[in-house]
Amino acid sequence: MNALLDTRGRPLRDLRISVTDRCNLRCTYCMPADVFGPGYPFLPRAEVLTFEEIERLARVFAGLGVRKLRLTGGEPTLRRDLPALVARLAATPGIEDIALTTNGLLLPGMAVALRRAGLRRVTISLDSLDDATFRRMNGLDVPLAAVLKGIEAARDAGFEQIKLNTVVQRGVNEASVAAMAERWRGTGITVRFIEFMDVGNTNGWRLDQVVPAREIRDVVHARWPIEPVDPAFPGEVAKRWRYRDGQGEIGLISSVTSTFCGDCNRARLSPRGELFTCLFAGSGHDLRGPLRAGAADADLQALVRRIWGARDDRYSELRAAGQAGHPKAEMSYLGG
Ligand code: SAM
Ligand code: SF4
Ligand code: SF4
């Protein structure tokens, strides 16, 4: 079978599956509480893919070259039997790697079951080590200690890899950069600093709130000298830097100031079963309709082939060139 390439020659390797549009936080840069309030029309249960449906689609994607899955949301751990999904996906032929992105709050009750189900890697989002800043940023006044407990639970469960995601916003949590680097150096946990992105339409994004990755690098480098590390695989999103004193690594995700559309091999599946070919796409391609209408695996594969074959997304490059500006799907819907 020929490799499946899009119009820019990019293969399909990585599938991010958003298993729910709901969340137990209201991070101001993602699901601002005034927009995602009590009346917000979250998807009714029947609209959301079942685990059987997700497993089926994962098999279809694996048949087209996908090797890595990342479960995300909304908050994926709100699907109570998430470990059962992990077990199904881990048994899918062709899938070599499954990771989870979570805010960590529910990990104390789930980490061991996830690990036993075959999950090897977890990314936990943590934007600040200052309790007041963290409470403000998560929109619901949830204490920092709750996430730290989640990180501890992940460590105790013995995951092979734990990473932390820190979104850096000018004037909000810049002080987090040095504090996070200092706290997690030498622990085996890698912090990935992410430039604040213009995802969705509701987070009031402004370019002057982006702290450029090079500035983050300089802050860390001034205290603890770092040097670049080669990417672990093609299309790796985070630029890796290691501490010269051997105390581990950090990652920098420069989606705004230094774009990486050129080797973007990521597809995204929404909770409703739409295939999005870019994080910043306005809409997706319905896979759930054909799936529920009884399409065979081969039909679904042909459909995904057509969609990927026609893909020409490069939103971040266009933004950098000043040419972007269409309505986009929400981050909490697609999951990053
Ligand atoms: N709820 C889970 C969590 O927070 O880890 C998974 C979903 S969340 C949408 C995935 C990642 O996207 C998180 O690490 C979050 O910090 C990041 N994110 C959300 N909004 C963002 C934005 N505007 N810019 C950059 N990263 C963002
Ligand atoms: Fe929820 Fe994650 Fe978005 Fe925060 S970043 S609101 S935890 S989905
Ligand atoms: Fe991929 Fe779209 Fe992000 Fe570019 S903007 S790296 S195409 S998801």
Side-chain angles (χ1 to χ4, degrees), residues 14-33 35-58 61 68-90 92 98-111 113-114 117-119 121-125 138-140 142 146-147 150 153-154 165 167 199-203 266-276 279 281 283-289 291-292 328-336:
D14 186 336
L15 180 66
R16 303 192 171 191
I17 305 174
S18 174
V19 298
T20 177
D21 60 338
R22 293 166 197 257
C23 189
N24 47 0
L25 291 181
R26 289 291 180 273
C27 304
T28 49
Y29 53 75
C30 179
M31 294 180 83
V35 178
F36 294 85
Y40 188 83
F42 289 106
L43 293 174
R45 193 169 188 116
E47 289 270 318
V48 176
L49 292 183
T50 64
F51 286 173
E52 289 77 13
E53 290 170 334
I54 293 175
E55 180 189 9
R56 178 87 195 287
L57 290 175
F61 278 91
K68 285 176 57 178
L69 300 178
R70 178 170 291 277
L71 300 176
T72 178
E75 177 46 45
T77 58
L78 290 181
R79 298 279 302 253
R80 270 160 204 245
D81 42 353
L82 192 67
L85 176 63
V86 169
R88 284 167 180 264
L89 297 176
T92 301
I98 306 174
L100 170 73
T101 307
T102 172
N103 60 30
L105 296 180
L106 297 177
L107 280 181
M110 204 187 262
L114 286 169
L119 187 73
R121 307 196 292 126
V122 192
T123 301
I124 300 168
S125 301
N138 71 50
L140 291 183
V142 171
V147 179
N165 272 358
V167 177
V199 288
N201 313 289
T202 56
N203 70 0
R266 292 175 293 283
R268 294 174 162 86
L269 188 63
S270 76
R272 222 199 311 229
E274 300 137 308
L275 170 59
F276 281 73
L279 176 57
S283 60
H285 304 261
D286 179 33
L287 301 183
R288 191 192 64 189
L291 178 71
R292 291 192 177 169
K328 296 157 279 178
E330 291 302 324
M331 184 68 148
S332 54
Y333 187 62
L334 281 187

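Since this is a predicted model, take the numbers as computed values, not measurements. We count residues from 1, following the sequence as given.
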Ignoring hydrogens and geometry, is there a side-chain-to-backbone donor-acceptor pair from [X] to [Y] under 3.5 Å?
X: Glu47; Y: Pro44; answer: no
X: Arg288; Y: Val48; answer: no
X: Ser18; Y: Tyr333; answer: yes

**Request:** Report yes or no: do Arg16 and Thr101 form a side-chain donor-acceptor pair below 3.5 Å?
**Result:**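 No - no donor-acceptor pair under 3.5 Å links their side chains.
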
**Request:** Please check if any side-chain donor atom of Glu75 sits under 3.5 Å from a side-chain acceptor atom of Asn24, or the reverse.
**Result:**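 Judged by distance alone, the side chains do not pair up.
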
Between [atom1] on residue [X] and [atom2] on residue [Y], distance to nearest 0.5 Å:
X: Leu82; Y: Leu119; atom1: CG; atom2: CG; answer: 8.0 Å
X: Arg292; Y: Thr50; atom1: CZ; atom2: OG1; answer: 6.5 Å
X: Cys23; Y: Asn138; atom1: SG; atom2: CG; answer: 9.5 Å
X: Leu71; Y: Thr20; atom1: CG; atom2: OG1; answer: 12.5 Å
X: Ile54; Y: Thr92; atom1: CD1; atom2: OG1; answer: 11.0 Å

Provide the closest heavy-atom pair for [X] versus [Y] in the form atom of the first, atom of the second, distance.
X: Phe276; Y: Gly284; answer: CZ-N, 3.4 Å
X: Asp21; Y: Met31; answer: O-CE, 3.9 Å
X: Leu275; Y: Phe61; answer: CD1-CZ, 3.9 Å
X: Ser270; Y: Leu334; answer: CB-CD2, 4.3 Å
X: Leu43; Y: Pro271; answer: CD1-CB, 3.9 Å
X: Arg79; Y: Met110; answer: O-CE, 3.9 Å

**Item:** CA sep, side-chain torsions, deciding dist, call: Asp286, Arg272, side chain to side chain contact (heavy atoms under 4.5 Å, CB included)
**Value:** CA-CA 8 Å; Asp286 179 33; Arg272 222 199 311 229; over 6 Å; no

**Asked** Knowing that exactly one of Thr72, Leu114, Thr123 qualifies, which makes a side-chain contact (heavy atoms from CB on, under 4.5 Å) with Leu100?
**Response**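 The passing option is Leu114.
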
**Message:** If the condition is ring pair (Phe, Tyr, Trp, His ring centres under 6.0 Å), which residues does Tyr40 pass it with, not counting sequence neighbours?
**Reply:**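 So Tyr40 forms a ring pair (Phe, Tyr, Trp, His ring centres under 6.0 Å) with Phe36, Phe42.
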
**Request:** Find out whether Asn103 and Val147 are in side-chain contact, i.e. whether some heavy atom of one side chain is under 4.5 Å from a heavy atom of the other.
**Result:**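 Heavy-atom side-chain distance check fails, nothing below 4.5 Å.
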
**Request:** Quick one: do Leu49 and Leu269 satisfy side chain to side chain contact (heavy atoms under 4.5 Å, CB included)? Show the steps, please.
**Result:** CA-CA 10 Å; Leu49 292 183; Leu269 188 63; 3.9 Å; yes

**Derivation and outcome, side chain to side chain contact (heavy atoms under 4.5 Å, CB included), residues Leu57 and Leu15** = CA-CA 10 Å; Leu57 290 175; Leu15 180 66; 6.0 Å; no

